[in-house]
Amino acid sequence: MEPIVVLLPLFGAMLSMPVSWLAKPKASEILTSSFLVIAALYSWVLFFDVALGGHARTITLFQWIGSGAFQADWALRLDTLSATMLVVINTVSAIVHIYSMGYMKDYGEQPRFFAYLSLFTFAMLMLVTADNFVQLFFGWEGVGLASYLLIGFWYKKKSANDAAIKAFVVNRVGDFGFALGIFCIFLVFGSVRFDDVFAAIIQNREVIPFGLSAGGPILDLTLSIFGGEYHALTLIGVLLFIGAMGKSAQFLLHTWLPDAMEGPTPVSALIHAATMVTAGVFLVCRCSAVYENAPDAAALVTLVGSITAFFAATVGLLQDDIKKVIAYSTCSQLGYMFFAAGVGAYGAAMFHLFTHAFFKALLFLGSGAVIIGMHHEQDTKKMGGVRTLLPLTHIFMFIGTIAITGIGVPGVKLFGAPLGTAGFVSKDMVIESAFIAGEAGRAFGFFAFAMGLLAAVMTAFYSWRLMFLTFYGPSRAPDHVRKHPHEVPTTMLAPLVPLAVGALVAGMVFYPFFVGPKSEQFWNGAIYAAHDSEHGDDHGMADKHASNDHGAEAHHEDETHHGDETYGDTNHTDQSHGDSGHSETGHSKTGHNDTGHGDAHGADDHHGGHHVPSWVLWAPFFAMLIGTGGAVAHYRGSDPLKPGLLREGGMIYAFLKNKWYFDQIYDVILVKPALFIGRFLWKQGDGKVIDGLGPDGIAASVAASARRLVKIQTGYMYHYAFAMLIGIAVLLTYVLMRIGGGQ
């Protein structure tokens, strides 16, 4: 039954158009939404079975590719990591499908839209349940294709087409790095299966790269490329992360994400909350064994994630489009997830991914309700007073805002979990993990901590700015909007209820499992974190989970279980990590360090072996208060549009308003040179050289010769008689010369 949870969205995508032809468009909406609801419900069943019940398994469907040493199966890997993603993807996608039934009713082309949504969901499900890197790459590219189709759904609109192309092209940059990473993995390990690759790393096996006669232990192996020597795992980690940067819109490859708002709002919610942008975070966490043993690659992840969290938050400060504010918020929150993974807090990264899906989907779908209620107006400066026009939508957006800003009470626990909204619990975990990593000597740990706090201040500011400009104060809406306000249909509001509940309590409910005292059993080896032997005195990395295994079990024909066995068949101790980092079973037994909100110990708060100062525990809370206070002081008055600290016309205002000028910079250094080269090769190379000397040149020569020959055809008899006499004379001369020569 497990394949059904993945295949139902595919069936919906395939049947959407035929069903609409046989019945009516409404039938395709009901069919695809029903399939997603069933898939979502079964995803929760699998989550309780796999993650909470510990029944991890891999189901092999069939052999996909077999060519010599290269083998890739089509399989479904069900461990805690994939089960968590199944819940996030299918739950949000089902809600988006139901919401879209109301949102798209006036736009038309519903069968095509719902087919694209289901295709998007299927591609993401294939990505997260992959058992090898090639199958993962299939889902990776499928998500890229589906995003292109959805962002450019309104294909008659030039801006939508441009945004779709931009997303596709920017992702090709990252995907090229990802493909090179997969090539490098096969080159080094001779396999693309997760179990084979991760087992070799954890046990520090001897590997011989493809085509070479000698190799060495994988942790010390270097590759010679273009005359330089590079640490193999670092190279693999960097290449994989380049792919993650593109898909998850990290700094330098982020420019496509805000433009993706050209698609319908349900698309924005699906892309930003549950699917495409979370793929990069999932990839880094899935490859935790790589990054734990490639500190330079992990440092790059931390650095880029930290900068992204700060950069996107600064840009979000001055955005006026209600969807683009939330879009840059997504970019910033992804930065949090990445720097958490970079410092080794993979559980915290996945925890924030999980909670983020609830409140970000709530904010996007709530903004869609505002747009519909305001007659498709998206500029917050032309809103105001919407609270009285759309009271229910205001409540949902308010819940989403207190969740993303992190409303909670530091140091206070309820049933063993921190008391606060989902964003408070998970985001504070990420920030505190960065501080602990800095104390442990992890590269860029303190930098990530500082950037996380600054981003928290700005997150609170722009989130409440959006609320005040949209829902409070005097109405600035056009007359026709104020005269004819309307609440959105129930099909758009009802799906927001479970999202609102999740935004409020998901952090408290799932804290013990993701990062709390039950996390070791919960993850069950799905995430590997090596013990930092250099800081073995309670200063190891945040969020360490005992790694039972990654399931390098025998590859059964139908179903393979992993999670209880060890990698390999011998007791192996990796000396490079110290004896304390390995158990007698041959893989990392790091113990669990709860980096969350522990019990107070004097002036400090204890976090699973780490003493976190109280000021660190309270710092995110005060960051939230500062940002919220700034927004209240400026936008809660009678004139919310009055000039503030960042006045129009100033350098800082222009810098942030123009998004750090990245689009302009890329236009100058990439787009215009590419257009110049393309135009030159088109006009000069193709037009003048290839076509000029080739088919066009030959055709022109024949035409010119024909024009000259045409002049001979004058139509006068004496011209033709003269030509005949000349011809006879030439012929007779030739005959006489031949006869004379013969004698």
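- The main-chain N or O of A260 is never found under 3.5 Å from a side-chain atom of E262 such that the two would form a donor-acceptor pair.
- Taking CD1 from I201 and OH from Y291, the interatomic distance works out to 10.5 Å, rounded to the nearest 0.5 Å.
- Screening L499, L270, T330 against F364 for a side-chain contact (heavy atoms from CB on, under 4.5 Å) leaves a single residue, T330.
- Atom CG of L8 is separated from atom CG of L31 by 9.5 Å, given to the nearest 0.5 angstrom.
- Between the side chains of T278 and H356, no donor-acceptor pair is found at a separation under 3.5 Å.
- A donor-acceptor pair is defined here as one N or O able to donate and one able to accept, closer than 3.5 Å; such a pair exists between the side chain of Q135 and the backbone of A75.
- Of all the heavy atoms in G243 and F178, the pair that sits closest is CA-CB, 3.8 Å.
- L283 contributes atom CG, which lies 8.0 Å from atom CG of L127 (distance to the nearest 0.5 angstrom).
- Here the closest non-hydrogen pair linking A249 and C331 is O-SG, 3.1 Å.
- The closest donor-acceptor contact from the side chain of Y336 to the backbone of V430 lies at 3.5 Å or more, if one exists at all.
- A donor-acceptor pair shorter than 3.5 Å can be found between the side chains of S82 and D79.
- I30 CD1 to F114 CZ: the interatomic distance, rounded to the nearest 0.5 Å, is 10.0 Å.
- Note: F198 and Y528 fail the aromatic proximity criterion, with ring centroids not under 6.0 Å apart.
- Under 4.0 Å is where a charged nitrogen must lie from a carboxylate oxygen, and between R57 and D49 at least one such pair does.
- Residue pairs that meet the side-chain hydrogen bond (donor to acceptor under 3.5 Å, both in side chains) test with at least one member in residues 5-25, sequence neighbours left out, do not exist here.
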| said: With side-chain contact (heavy atoms from CB on, under 4.5 Å) as the criterion, how do I98 and V37 come out once you've worked through the C-alpha distance, each side chain's angles and the decisive distance to 0.1 Å? | reply: CA-CA 9 Å; I98 297 171; V37 169; 3.9 Å; yes
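- Judged by distance alone, the side chain of K323 and the main-chain N or O of Q378 form no donor-acceptor pair under 3.5 Å.
- When all heavy atoms are compared, the tightest approach of A503 to I399 is CB-CG2, 4.2 Å.
- Counting non-hydrogen atoms of other residues, nucleotides and ligands closer than 6.0 Å to CZ of F176 gives a total of 12 or fewer.
- Geometrically, R172 engages F168 in a cation-pi contact, judged by NZ or CZ lying under 6.0 Å from the ring centre and within 45° of the ring axis.
- Side chain to side chain, H97 and S33 fail the donor-acceptor criterion of an N or O pair below 3.5 Å.
- Between atom CG of residue L46 and atom CG of residue L52 there is a gap of 11.5 Å, rounded to the nearest 0.5 Å.
- Contact between A39 and N90 at its shortest, heavy atoms only, is O-ND2, 3.7 Å.
- A distance-only check finds a donor-acceptor pair linking the side chain of W256 to the backbone of G246 [under 3.5 Å].
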| field | Worked check of side-chain contact (heavy atoms from CB on, under 4.5 Å) between R112 and F153 | value | CA-CA 9 Å; R112 181 166 65 93; F153 179 76; 3.5 Å; yes
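- Side-chain polar atoms of W44 and T91 form a donor-acceptor pair below 3.5 angstrom.
- Of all non-hydrogen atoms in P3 and L61, the two that sit nearest each other are CG-CD2, 3.9 Å.
- The number of heavy atoms from other shown groups lying within 6.0 Å of CZ (F183) does not exceed 12.
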| said: Determine whether L240 and I185 satisfy the following criterion, side-chain contact (heavy atoms from CB on, under 4.5 Å), listing intermediate values before the conclusion. | reply: CA-CA 10 Å; L240 294 179; I185 287 171; 4.2 Å; yes
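- Electrostatic pairing of D73 and R193 does not count as a salt bridge here, judged by no charged N lying under 4.0 Å from a carboxylate O.
- Here CD1 of I527 is found 8.5 Å from OG1 of T80. Values are rounded to the nearest 0.5 Å.
- Of the candidates L257, I326, V267, H272 forms a side-chain contact (heavy atoms from CB on, under 4.5 Å) with just one, namely L257.
- In F62, the CZ atom is crowded: over 12 heavy atoms of neighbouring residues, nucleotides or ligands sit closer than 6.0 Å.
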| request: Just do the side chain to side chain donor-acceptor pair (under 3.5 Å) check on K360 and S329 with the steps written out, would you? | output: CA-CA 9 Å; K360 188 50 59 69; S329 171; 3.2 Å; yes
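- No donor-acceptor pair under 3.5 Å is formed between the side chain of T308 and the backbone N or O of G335.
- The backbone N or O of R77 sits nowhere less than 3.5 Å from a side-chain atom of D131 that would complete a donor-acceptor pair.
- Taking the six-membered ring where the residue is Trp, F514 and F510 present perpendicular rings, their angle passing 60° and hence far from 30°.
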| query | side-chain contact (heavy atoms from CB on, under 4.5 Å) between L86 and F47: does it pass, once the steps are laid out? | reply | CA-CA 8 Å; L86 285 176; F47 179 79; over 6 Å; no
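- Of the possible donor and acceptor atoms, none in the side chain of S519 sits under 3.5 Å from a partner among the backbone N and O of F513.
- Side-chain N or O atoms of Q63 include none that pairs as donor or acceptor with a backbone N or O of A72 at under 3.5 Å.
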| message | Apply side chain to side chain donor-acceptor pair (under 3.5 Å) to residues T265 and Y103 and explain how you reach the verdict. | response | CA-CA 8 Å; T265 298; Y103 188 92; 3.0 Å; yes
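- When every heavy atom of A13 is checked against every heavy atom of S118, the shortest pair comes out as N-CB, 3.6 Å.
- At least one donor-acceptor pair under 3.5 Å links the side chain of T421 to the backbone N or O of I402.
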